[in-house]
Protein chains: 2
Amino acid sequence: MTLAYSLDDPRTARPAAALTEVMDRLGTKMTFARDEEIYAQGDDVEFMYRLAKGVIRTSRVTADGRRQVGDFYYPGDLFGLEVGPDHQFSAEALTDCEIQMVRRGSVRAFAGDAELDRAILEATRRELQRVQDHVLLLGRKSAREKVAAFLMSLAQRDPSADVELPMGRQDMADYLGLTIETVSRMLTQLQGDAIVEFPSFRRFHVKKWQALEELVD
Amino acid sequence: MTLAYSLDDPRTARPAAALTEVMDRLGTKMTFARDEEIYAQGDDVEFMYRLAKGVIRTSRVTADGRRQVGDFYYPGDLFGLEVGPDHQFSAEALTDCEIQMVRRGSVRAFAGDAELDRAILEATRRELQRVQDHVLLLGRKSAREKVAAFLMSLAQRDPSADVELPMGRQDMADYLGLTIETVSRMLTQLQGDAIVEFPSFRRFHVKKWQALEELVD
DNA sequence: CGGTTAATTGAACGCATTCAACACGAGTGG
DNA sequence: CCACTCGTGTTGAATGCGTTCAATTAACCG
């Protein structure tokens with residue numbers, strides 16, 4: 001039932017079965033290497049994408065070179081759902097990726113299926129909600145809270161003991177509206193307070209969930 | 001044709017005819033007085049709304065009282081398109097308003113009309129794009145640039161010589177992720193540079209479009 | 001091992017905030 | 001018409017958070 005689906009946490013929700021199925025049938029699976037670009041800012045919007053393996057990042061760059069990371073996408077996530085005609089964001093593979101791609105036109109032609117349209121709408125709505133949370137984070141949170149919220153969201157996605165950070169500090173900074181130095185300082189600070197622990201640069205685990213939650217909202 | 005429609009500037013685009021028509025047929029027109037609440041954060045998502053007259057603001061407040069304004073809506077705009085089950089934002093009338101309201105269920109029942117679903121999807125997509133622009137503004141722009149971008153967007157909406165500001169300084173600040181004092185300082189600064197002029201607190205016009213554009217991107 | 005990139009740390013700076021005082025405008029009543 | 005008040009906006013001075021610039025350290029990879 002589609003309604004119950006919409007109640008899910010937008011961070012972890014998965015696209016509706018109808019959509020997944022159609023994409024598998026009509027689309028192509030492609031692989032991208034680490035740091036490869038999937039589409040560029042300004043490209044025509046031609047495809048819909050579902051990430052099967054790996055992690056990707058969307059970002060946009062202003063005329064004078066400032067970069068804003070839109071979001072990070074994990075296996076199961078749809079991305080590239082832009083208004084078009086051309087991409088406002090670029091998408092790059094953070095790790096080696098497998099991506100199911102399907103032409104928009106193919107999906108549209110196959111439609112008439114109201115359930116399919118609904119699934120795309122649901123995916124767009126979840127995207128909207130995530131972006132709105134991002135707005136709150138950028139507009140009204142301190143550096144410490146931003147970094148805490150970011151680690152929290154990763155830890156929620158990946159419930160394993162040790163959470164992997166597929167992105168570097170610069171990506172985190174550009175997502176959070178901070179500099180790498182500030183991100184780094186906040187990470188060591190959170191570690192100093194024994195709230196999280198970093199066995200290596202790209203790996204951490206939460207030690208005090210409650211303290212982290214209090215920082216986040 | 002729906003495709004051409006999606007190419008429009010999301011700030012000024014209007015909902016597709018199909019949707020407008022259905023909302024008029026099935027909905028009710030209600031009036032709200034200045035400062036009245038249309039729905040509250042946490043309320044069930046029951047309706048879709050189209051603003052007929054006036055200006056409204058959506059906002060959300062964190063547990064510790066920090067406020068983030070989501071957006072401002074003008075006549076013709078759809079709002080309240082949230083993921084549900086309950087509103088993450090509240091909506092308040094900035095001026096006396098007339099609002100066309102229609103139950104989600106009514107729209108859904110009337111559907112089967114693929115065009116209708118498409119129209120809602122389009123509206124959601126435009127909303128998404130606006131929020132994404134908001135992210136860029138909050139994450140990577142200085143106070144001066146934020147205020148300039150805000151005035152710019154208002155001036156584009158309202159092509160008349162004198163643009164009215166339906167919102168107060170606090171609303172602007174909470175939209176831009178700043179304090180009222182900073183907003184005020186930037187306004188006087190932009191006025192000092194003869195880029196804009198304020199004949200009164202709630203009214204301005206652009207004097208140097210080019211200088212303003214350069215500040216915005 | 002070096003050589004290279006990424007991350008951390010330190011110190012000085014600057015933009016936006018905070019706290020406080022002041023100005024302005026609208027509304028009310030004498 | 002003026003005096004008073006209240007809400008809203010502006011301005012000033014001091015503080016502080018995050019940035020900037022620079023140096024150092026750590027990880028990765030041949």
Side-chain angles (χ1 to χ4, degrees), chain A residues 33-35 57 62 64-69 92 94-96 137-151 162 164-193 196-204 215, chain B residues 34-35 57 62 64-69 92 94-95 137-151 154 164-193 196-204 215:
Chain A
R34 184 166 135 65
D35 289 332
R57 152 197 87 211
T62 61
D64 61 343
R66 282 175 282 185
R67 194 175 74 131
Q68 177 67 49
V69 168
E92 298 97 20
L94 280 176
T95 66
D96 294 345
L137 178 122
L138 291 171
R140 287 296 177 219
K141 287 193 193 292
S142 69
R144 188 181 161 92
E145 292 168 327
K146 285 176 175 180
V147 172
F150 184 73
L151 295 180
D162 252 36
E164 173 151 10
L165 284 168
M167 69 294 290
R169 299 292 189 264
Q170 186 65 59
D171 285 332
M172 294 175 55
D174 288 343
Y175 177 77
L176 298 173
L178 299 171
T179 60
I180 39 171
E181 293 95 330
T182 302
V183 169
S184 181
R185 274 182 252 272
M186 295 304 117
L187 288 175
T188 52
Q189 195 182 301
L190 289 171
Q191 224 179 159
D193 298 345
V196 295
E197 192 171 52
F198 280 76
S200 83
F201 286 165
R202 293 293 189 105
R203 194 165 284 283
F204 77 98
L215 268 174
Chain B
R34 184 166 136 64
D35 290 330
R57 154 196 86 212
T62 61
D64 61 345
R66 282 175 282 185
R67 194 175 75 131
Q68 176 67 50
V69 167
E92 299 97 20
L94 280 175
T95 66
L137 177 124
L138 291 172
R140 288 296 180 220
K141 286 194 193 293
S142 68
R144 188 181 161 91
E145 291 169 329
K146 285 176 174 178
V147 172
F150 184 73
L151 295 181
L154 286 183
E164 173 151 10
L165 284 167
M167 69 293 289
R169 299 293 189 264
Q170 187 65 59
D171 285 331
M172 295 175 55
D174 288 343
Y175 177 78
L176 299 172
L178 298 170
T179 59
I180 39 171
E181 293 95 330
T182 301
V183 168
S184 181
R185 273 184 252 274
M186 294 304 117
L187 288 175
T188 52
Q189 193 181 301
L190 288 171
Q191 225 179 156
D193 298 345
V196 296
E197 193 172 52
F198 280 75
S200 81
F201 287 163
R202 294 292 189 104
R203 195 166 283 283
F204 77 97
L215 269 175

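Atom set for the values below is all heavy atoms of this structure, side chains included, hydrogens, waters and symmetry mates excluded. Residue numbers begin at 1 in each chain, while the letters A, B, ... track the order of the sequences.
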Starting at atom CG of A:Leu165, determine the distance to atom P of C:dA6, rounded to an integer number of angstrom. 16 Å
Separation of atom CZ in A:Arg34 from atom P in C:dA6, rounded to whole Å: 9 Å
Where each residue is assigned the nucleotide of DNA chain D containing its nearest heavy atom, which of A:Pro199 and A:Leu178 is assigned the position nearer the 5′ end? A:Leu178
Starting at the 5' end of DNA chain C, which residue's closest nucleotide do you reach first, A:Arg140 or A:Arg202? A:Arg202
Measure the distance from CZ on A:Arg203 to C1' on C:dA6 and round it to the nearest whole Å. 17 Å
Quickly work out the A:Gln170 CD to C:dT8 C1' distance and round it to whole Å. 14 Å
Is the shortest side-chain N/O distance from A:Thr179 to OP1 or OP2 of D:dT19 below 4.0 Å? yes
Enter the distance from A:Leu138:CG to B:Leu137:CG here, rounded to the nearest 0.5 Å. 10.0 Å
Phosphate OP1/OP2 of D:dT10: any B:Arg185 side-chain N/O under 4.0 Å: no
For B:Glu181 and for A:Phe201, locate the closest nucleotide of DNA chain C by heavy-atom distance; then report the residue assigned to the nucleotide nearer the 5' terminus. A:Phe201
Can you identify which nucleotide, out of D:dT11, C:dT8, D:dG18, has its nearest atom closest to the B:Ser184 side chain? D:dT11
Nearest-angstrom distance from the residue atom CG of B:Leu176 to C1' of C:dA16: 13 Å
Straight-line distance of B:Thr182 OG1 to B:Met172 CE, nearest 0.5 Å: 11.5 Å
Within this structure, what is the CZ-to-P distance between B:Phe204 and D:dT10, rounded to whole angstrom? 13 Å
What is the distance, rounded to the nearest whole Å, between atom CG of A:Asp174 and atom C1' of D:dT19? 14 Å
On DNA chain D, more 5' by nearest nucleotide between B:Thr182 and A:Gly177 is B:Thr182
Taking CZ in B:Arg203 as the centre, count heavy atoms belonging to other residues, nucleotides or ligands within less than 6.0 Å. Is the count above 12? yes
Checking all strands, does B:Ser200 fall into the base, sugar-phosphate, or nothing category for heavy-atom contacts under 4.0 angstrom? nothing
Between A:Ser142 and D:dC17, is there a side-chain N or O to OP1/OP2 distance below 4.0 Å? no
Distance in Å, A:Arg67 CZ paired with A:Gln170 CD, rounded so as to fall on 0.5 Å steps: 6.0 Å
Whether the side chain of A:Arg202 engages the backbone of A:Glu164 through a donor-acceptor N/O pair (distance < 3.5 Å, no angle test) should be reported. no
Atom CZ of B:Phe198 to atom C1' of C:dG25: distance rounded to whole Å? 17 Å
